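The block underneath contains the structure these notes are about, expressed in structure tokens.
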Amino acid sequence: MPSSRTGKLVILSGPSGSGKTTVVRKLLALAEPSLKLSVSATTRPPRAGEVDGKDYHFLSTDEFQRRQAAGEFLETFEVFGNGYWYGTLRSEVENRLSEGISVLLEIDVDGAMEIVKQYPAAVTIFLSPGSHAELERRLRGRGTEPEATIQRRLAAAKRELAAMNQYKYQIVNDAGAVNETVQRLADVIQNDSGDDAL
Ligand code: 5GP
């Protein structure tokens with residue numbers, strides 16, 4: 001009899017400084033092959049060391065728009081502030097879920113809320129660097145930045161942290177305890193029943 005079990009759609013967001021990249025790498029090492037990362041498309045040029053098809057599908061603006069018109073994306077956003085487009089491709093998500101493989105999306109807050117409209121059972125997780133006071137302490141830690149730069153970064157982080165309560169789970173990534181954070185994430189993903197409303 002064919003299995004009716006579908007994979008879980010997991011959405012992870014968090015401000016820069018929350019340690020998302022390291023956490024995602026370690027989580028995949030722990031949970032693969034039953035959890036796969038969705039590789040987003042973007043019009044942003046690759047940074048040094050980034051690999052096409054692995055870090056992102058790097059597309060020209062024309063190609064991005066063509067795929068958008070063809071309905072190939074679950075969501076697209078011009079991510080606030082940098083002028084580039086990002087999008088989640090259906091081809092990274094739909095087949096895997098129906099094969100019983102869970103899919104991890106590492107996307108911004110706007111994209112996350114758009115996906116939840118389509119997948120209300122998605123497991124939404126916000127990774128935070130701790131309290132606002134802790135973030136301020138970390139940003140001031142080096143003591144080399146001008147006050148105006150610190151204030152700009154704090155304002156950006158505050159905006160992102162304000163969206164935290166829209167996520168089903170909030171996990172604090174304490175400095176020096178990354179392995180515990182990864183284990184908590186793995187537990188949350190495994191135990192989520194998919195029943196609860198956001
Ligand atoms: P970066 O350019 O630094 O790789 O990513 C910038 C922001 O875009 C991050 O907050 C990241 O989570 C977000 N992002 C990456 N891929 C997607 C996507 O497919 N959709 C949306 N909405 N945001 C994305």
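Everything numeric in this text was worked out from a predicted model, so none of it was measured. Counting convention: from 1, in listed order, for ligands and their atoms alike. Side chains are part of it too, since the values below use all heavy atoms of this structure and drop only hydrogens, waters and symmetry mates.
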Taking only heavy atoms of [X], which atoms of ligand 1 are found under 4.0 Å from at least one of them?
X      : value
Arg47  : 1 (P), 2 (O), 3 (O), 4 (O)
Arg44  : 1 (P), 2 (O), 4 (O)
Gly111 : 22 (N)

Sequence neighbours excluded, which residues qualify as side chain to side chain contact (heavy atoms under 4.5 Å, CB included) partners of Ser34?
none
State whether the side chain of [X] and the backbone N or O of [Y] hold a donor-acceptor pair below 3.5 Å, judged by distance alone.
X      : Y      : result
Glu50  : Arg47  : yes
Lys8   : Ile189 : yes
Asp192 : Val188 : no

Do ligand 1 and Asp108 have nitrogen or oxygen atoms that lie under 3.5 Å from each other?
yes
Between Phe77 and ligand 1, does any nitrogen or oxygen pair lie at a separation below 3.5 Å?
no
Answer with side chain, backbone, both or neither: which part of [X] has a heavy atom less than 4.0 angstrom from an atom of ligand 1?
X      : answer
Glu114 : neither
Tyr56  : side chain
His57  : neither

Give the ring-plane orientation class for Tyr167 versus Phe126, where under 30° counts as parallel, over 60° as perpendicular and anything between as tilted.
perpendicular
Under 6.0 Å from the CD atom of Glu63, do we count more than 12 heavy atoms belonging to anything else shown?
yes
So for Thr88, does at least one of its heavy atoms come nearer than 4.0 angstrom to any atom of ligand 1?
yes
